[in-house]
Amino acid sequence: MRWLGFDWGENFFHASDYFPQLYEFALDLIRQGKAYVCSLSADEMRDYRGTLKEPGRESPYRDRGVEENLDLFGRMKAGEFPDGAHVLRAKIDMASPNLNMRDPVIYRIRHEEHHRTGDQWVIYPMYDYTHCISDALERITHSICTLEFEDHRPLYDWVLDQLAVPCHPQQIEFARLNINYTVLSKRRLIELVTGGHVSGWDDPRMPTICGLRRRGCTPGSIRNFCDKVGVAKRDSCVDMGLLEYCIREDLENSAPRAMAVLRPLKLVIENYPEDQVEEIEAPCHPNDPALGTRRIPFCRELYIERDDFMEDPPKKFFRLGPGREVRLRYSYIVRCTGVVRDESGEIVELRCVRDPDTRGAAPADGRKVKGIIHWVSARHAVPAEVRLYDRLFLEEDPCADKAIDYKSHLNPDSLEVLTGCLAEPSLAGAAPESRYQFERLGYFCADRRDCQPSKLVFNRTVTLKDTWAKIEKKD
RNA sequence: UGGGGCGUCGCCAAGUGGUAAGGCACCGGAUUUUGAUUCCGGCAUUCCCAGGUUCGAAUCCUGGCGCCCCAGCCA
């Protein structure tokens with residue numbers, strides 16, 4: 001949460017901070033005759049609770065006297081009873097149409113170690129009882145929660161109305177955030193983790209804060225996303241595209257540019273001297289000089305993206321093809337003069353010639369070269385592993401059909417690991433969590449766990465908007 | 001009528017009696033050494049439906065319809 005940009009200062013509290021007061025308030029409820037120890041088993045209690053349409057029945061223990069209740073509750077606290085033997089219940093109304101008001105349990109016995117209070121307690125208060133009192137003790141004015149607690153509000157208010165608390169906060173419920181092509185409930189996320197469907201809570205495909213962080217999202221992009229989504233009371237599902245837009249929006253301005261080739265194809269410039277190397281100074285950002293420049297070595301043998309060459313390109317494709325011209329970003333215009341194939345016929349190398357007068361300049365004869373592609377120097381590039389992430393689920397709403405396990409909609413291709421990638425040498429010392437735009441490809445983040453100087457590992461946070469892919473799909 | 005909520009563009013979402021904001025997506029077009037960015041322009045005569053009240057209704061009333069939540073000693 002701090003990483004996200006929030007800080008409570010001295011106001012970071014836990015419900016367990018209030019265990020002593022909560023106990024005292026329970027005693028108070030008992031003395032007022034508004035709480036009693038019930039010794040029904042869980043099954044019996046369910047039976048007594050009634051149904052959605054029929055009222056419940058009162059527990060046979062409902063009329064225990066104050067002294068007996070005090071004694072029993074004290075002994076519950078002292079650890080005299082096993083788990084489940086007794087509970088403390090609020091005495092409200094077993095006929096209430098709101099099931100939460102049918103004498104809800106407020107304390108139960110749990111002989112379990114607590115992560116903050118250790119073995120100090122063997123009875124623990126229930127959420128409905130704890131939350132409202134905690135809010136009041138903290139002088140909360142508005143207690144925001146999700147829609148499923150609307151039915152609990154009468155209980156929230158009831159508890160506070162019975163007790164001498166410093167104030168009565170107002171609970172207001174709002175819809176939870178849903179995003180398509182993923183799941184956000186804790187229960188499902190934990191299932192993905194324990195079931196080994198992802199590598200952990202911070203797997204870059206997880207919609208958790210630590211997952212988004214490792215993926216490369218900035219705190220600002222997440223905050224901006226939340227602002228754009230808004231808060232309302234109706235069940236909704238936000239398009240993942242909006243999150244992606246927010247990430248791009250932030251990174252567009254802040255991420256330095258670099259060139260990296262994910263699927264390398266060798267390109268040899270026949271009319272470029274074997275031993276020559278040019279250091280090209282390139283801006284780290286096209287529109288913001290403040291990000292500075294870096295030097296990129298250029299020589300006779302380069303690698304370009306396999307996708308940037310097509311042997312038989314369609315009319316609208318303006319990258320490289322036999323006889324075609326293309327601009328090497330920040331550098332020369334080259335023309336493809338031939339291809340070299342291996343025994344199986346696969347193209348393993350392109351032969352090109354450069355136009356020597358076009359480095360950083362338009363062709364003197366005024367001809368237009370629309371295609372611009374990225375590249376790295378074969379001699380200077382540094383190897384890298386790049387992890388390509390895609391949506392976690394194939395279905396927009398993986399949980400739509402209750403009869404089908406949402407996990408069966410998991411996208412088998414949500415992670416693609418590319419090991420033979422090549423990056424420009426300025427990336428050699430990339431620090432973990434540093435973010436870049438690999439030009440024409442997308443935004444990438446050095447993995448905070450696995451990226452090391454000796455082994456670069458980048459996560460693709462999000463691709464660039466790809467108009468070409470859209471055109472291609474249409475045709 | 002068991003109770004509690006919600007229905008405004010493909011997705012979010014303002015609007016709470018004065019004549020439908022905004023964002024994403026989408027579709028044009030301009031600029032561009034990233035098919036990126038940026039920039040201009042388009043995109044709900046209509047607010048779940050049907051009646052009613054009103055000079056005037058997404059907003060008020062009545063009746064429907066649809067969707068979500070609740071029977072943990074979970075949160």
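Lettering follows sequence order; numbering is per chain, from 1. Side chains are part of it too, since the values below use all heavy atoms of this structure and drop only hydrogens, waters and symmetry mates.
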OP1, OP2 of [N] versus side-chain N and O of [X]: anything below 4.0 Å?
X: A:R153; N: B:G3; result: no
X: A:S236; N: B:C11; result: no
X: A:R49; N: B:C70; result: no

Would a distance-only check, ignoring hydrogens and angles, find a side-chain to backbone donor-acceptor pair under 3.5 Å from [X] to [Y]?
X: A:E305; Y: A:L262; answer: yes
X: A:T358; Y: A:Y332; answer: no
X: A:N178; Y: A:S236; answer: yes
X: A:W375; Y: A:R329; answer: yes
X: A:R176; Y: A:E148; answer: no
X: A:R319; Y: A:V326; answer: no

[M] and [N], which share atom name [atom1], separated by this distance in whole Å:
N: B:G10; M: B:U45; atom1: P; result: 11 Å
N: B:A36; M: B:A30; atom1: C1'; result: 16 Å
N: B:G52; M: B:C47; atom1: P; result: 16 Å
N: B:A25; M: B:U37; atom1: P; result: 9 Å

Assert yes or no for the condition that the ring centre distance of [X] to [Y] is strictly below 6.0 Å.
X: A:F12; Y: A:H14; answer: yes
X: A:Y127; Y: A:H152; answer: no
X: A:W8; Y: A:F13; answer: no
X: A:F149; Y: A:Y156; answer: no

Between [X] ([atom1]) and [N] ([atom2]), how many Å, whole number?
X: A:E54; N: B:G3; atom1: CD; atom2: P; answer: 14 Å
X: A:D43; N: B:A71; atom1: CG; atom2: P; answer: 16 Å
X: A:Q437; N: B:U37; atom1: CD; atom2: C1'; answer: 9 Å
X: A:H152; N: B:G5; atom1: NE2; atom2: P; answer: 13 Å
X: A:R176; N: B:C6; atom1: CZ; atom2: P; answer: 18 Å

For [X], report the nucleic acid contact type (base, sugar-phosphate, nothing); a contact means any heavy atom under 4.0 Å.
X: A:C237; value: sugar-phosphate
X: A:H86; value: nothing
X: A:V231; value: sugar-phosphate
X: A:G360; value: base
X: A:E173; value: nothing
X: A:A232; value: sugar-phosphate

For [N], the Watson-Crick or wobble counterpart (both distances under 3.5 Å):
N: B:C26; value: B:G42
N: B:A20; value: none
N: B:U62; value: B:A50
N: B:A36; value: none

Show me the donor-acceptor pairs within less than 3.5 Å that the side chains of residues 96-108 of chain A make with the rest of the protein, sequence neighbours left out.
| unit_1 | atom_1 | unit_2 | atom_2 | d |
| --- | --- | --- | --- | --- |
| A:S96 | OG | A:N98 | N | 3.0 |
| A:S96 | OG | A:N98 | O | 3.2 |
| A:N98 | OD1 | A:N100 | N | 2.9 |
| A:N98 | ND2 | A:D151 | O | 2.8 |
| A:R102 | NE | A:R49 | O | 3.0 |
| A:R102 | NH1 | A:S96 | O | 2.4 |
| A:R102 | NH2 | A:R49 | O | 3.1 |
| A:R102 | NH2 | A:T51 | O | 2.6 |
| A:R102 | NH2 | A:E54 | O | 2.8 |
| A:D103 | OD1 | A:R62 | NH2 | 3.2 |
| A:D103 | OD1 | A:I92 | N | 2.7 |
| A:D103 | OD1 | A:D93 | N | 3.4 |
| A:D103 | OD2 | A:Y36 | OH | 2.6 |
| A:D103 | OD2 | A:R62 | NE | 2.7 |
| A:D103 | OD2 | A:R62 | NH2 | 3.4 |
| A:Y107 | OH | A:Y23 | N | 3.3 |
| A:R108 | NH1 | A:Y124 | O | 3.3 |
| A:R108 | NH1 | A:P125 | O | 3.2 |

Margin query: By the salt bridge (charged side-chain N to carboxylate O under 4.0 Å, His left out) test, which pairs, at least two apart or in different chains, include something from residues 357-367 of chain A?
Written below: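 Non-adjacent pairs meeting salt bridge (charged side-chain N to carboxylate O under 4.0 Å, His left out): A:E278-A:R359, A:E325-A:R367, A:D355-A:R367, A:D365-A:R367.
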Check: In terms of base orientation, is B:G35 syn or anti, with the syn window spanning 90° either side of 0?
Finding: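 That one's anti.
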Atom pairs under 3.5 Å, N or O on each side, protein against nucleotides 64-69 of chain B: can you list them with distances?
| unit_1 | atom_1 | unit_2 | atom_2 | d |
| --- | --- | --- | --- | --- |
| B:C68 | O2' | A:D235 | OD2 | 3.2 |

Could you list by number each residue of [range] showing a heavy-atom separation from RNA chain B of less than 4.0 Å, or answer none if no residue does?
range: residues 281-308 of chain A; value: A:P286, A:N287
range: residues 87-103 of chain A; value: A:V87, A:P97, A:L99
range: residues 313-323 of chain A; value: A:K316, A:F317, A:F318, A:R319
range: residues 324-336 of chain A; value: A:R327, A:R329, A:Y330, A:S331
range: residues 110-128 of chain A; value: A:R110, A:M126, A:Y127

Checklist line | Nearest-nucleotide 5' precedence on RNA chain B, A:C38 against A:K233 | finding: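 Final value for this comparison: A:K233.
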Next item on the list: From the options B:G4, B:U34, B:A71, select the nucleotide whose nearest atom is closest to the side chain of A:E150.
Entry: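 Nearest to the side-chain atoms of A:E150, counting from C-beta on, is B:G4.
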Check: Among B:A71, B:C74, B:C12, which is the nearest nucleotide to the side chain of A:V238?
Finding: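 Nearest listed nucleotide: B:C12.
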Notebook entry, point to check: Can a salt bridge be assigned to the pair A:R153 and A:D157 using a cut-off of 4.0 Å between side-chain N and carboxylate O?
Noted result: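 No, no charged N to carboxylate O under 4.0 Å.
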Next item on the list: Taking only Lys NZ, Arg NE, NH1 and NH2, and the carboxylate oxygens of Asp or Glu, determine whether A:K34 and A:D28 approach each other closer than 4.0 Å.
Entry: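 Judged by the 4.0 Å cut-off on N to carboxylate O distance, A:K34 and A:D28 do not form a salt bridge.
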Note to self: Under 3.5 Å, is there a donor on one side chain and an acceptor on the other for A:N253 and A:H285?
What the structure shows: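 No, no side-chain donor-acceptor pair sits under 3.5 Å.
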Is there any protein nitrogen or oxygen under 3.5 Å from a nitrogen or oxygen in nucleotides 24-26 of chain B, and what are the pairs?
| unit_1 | atom_1 | unit_2 | atom_2 | d |
| --- | --- | --- | --- | --- |
| B:C24 | OP1 | A:Y245 | OH | 2.7 |
| B:C26 | OP1 | A:K470 | NZ | 2.9 |

Item checked: For A:N411, side-chain hydrogen bond (donor to acceptor under 3.5 Å, both in side chains) partners two or more places apart ->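 A:N411 satisfies side-chain hydrogen bond (donor to acceptor under 3.5 Å, both in side chains) with no residue once adjacent residues are dropped.
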Notebook entry, point to check: Considering residues at least two apart in sequence or located in another chain, which fulfil the side-chain hydrogen bond (donor to acceptor under 3.5 Å, both in side chains) criterion with A:R327?
Noted result: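 A:R327: no side-chain hydrogen bond (donor to acceptor under 3.5 Å, both in side chains) contacts found.
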Could you go through nucleotides 39-42 of chain B and list every protein N or O atom that sits under 3.5 Å from one of its N or O atoms, giving the distance for each pair?
none

Note to self: Quick check: any donor-acceptor pair below 3.5 Å linking the side-chain of A:R187 to the base of B:G72?
What the structure shows: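 Checked by distance alone, the answer is yes.
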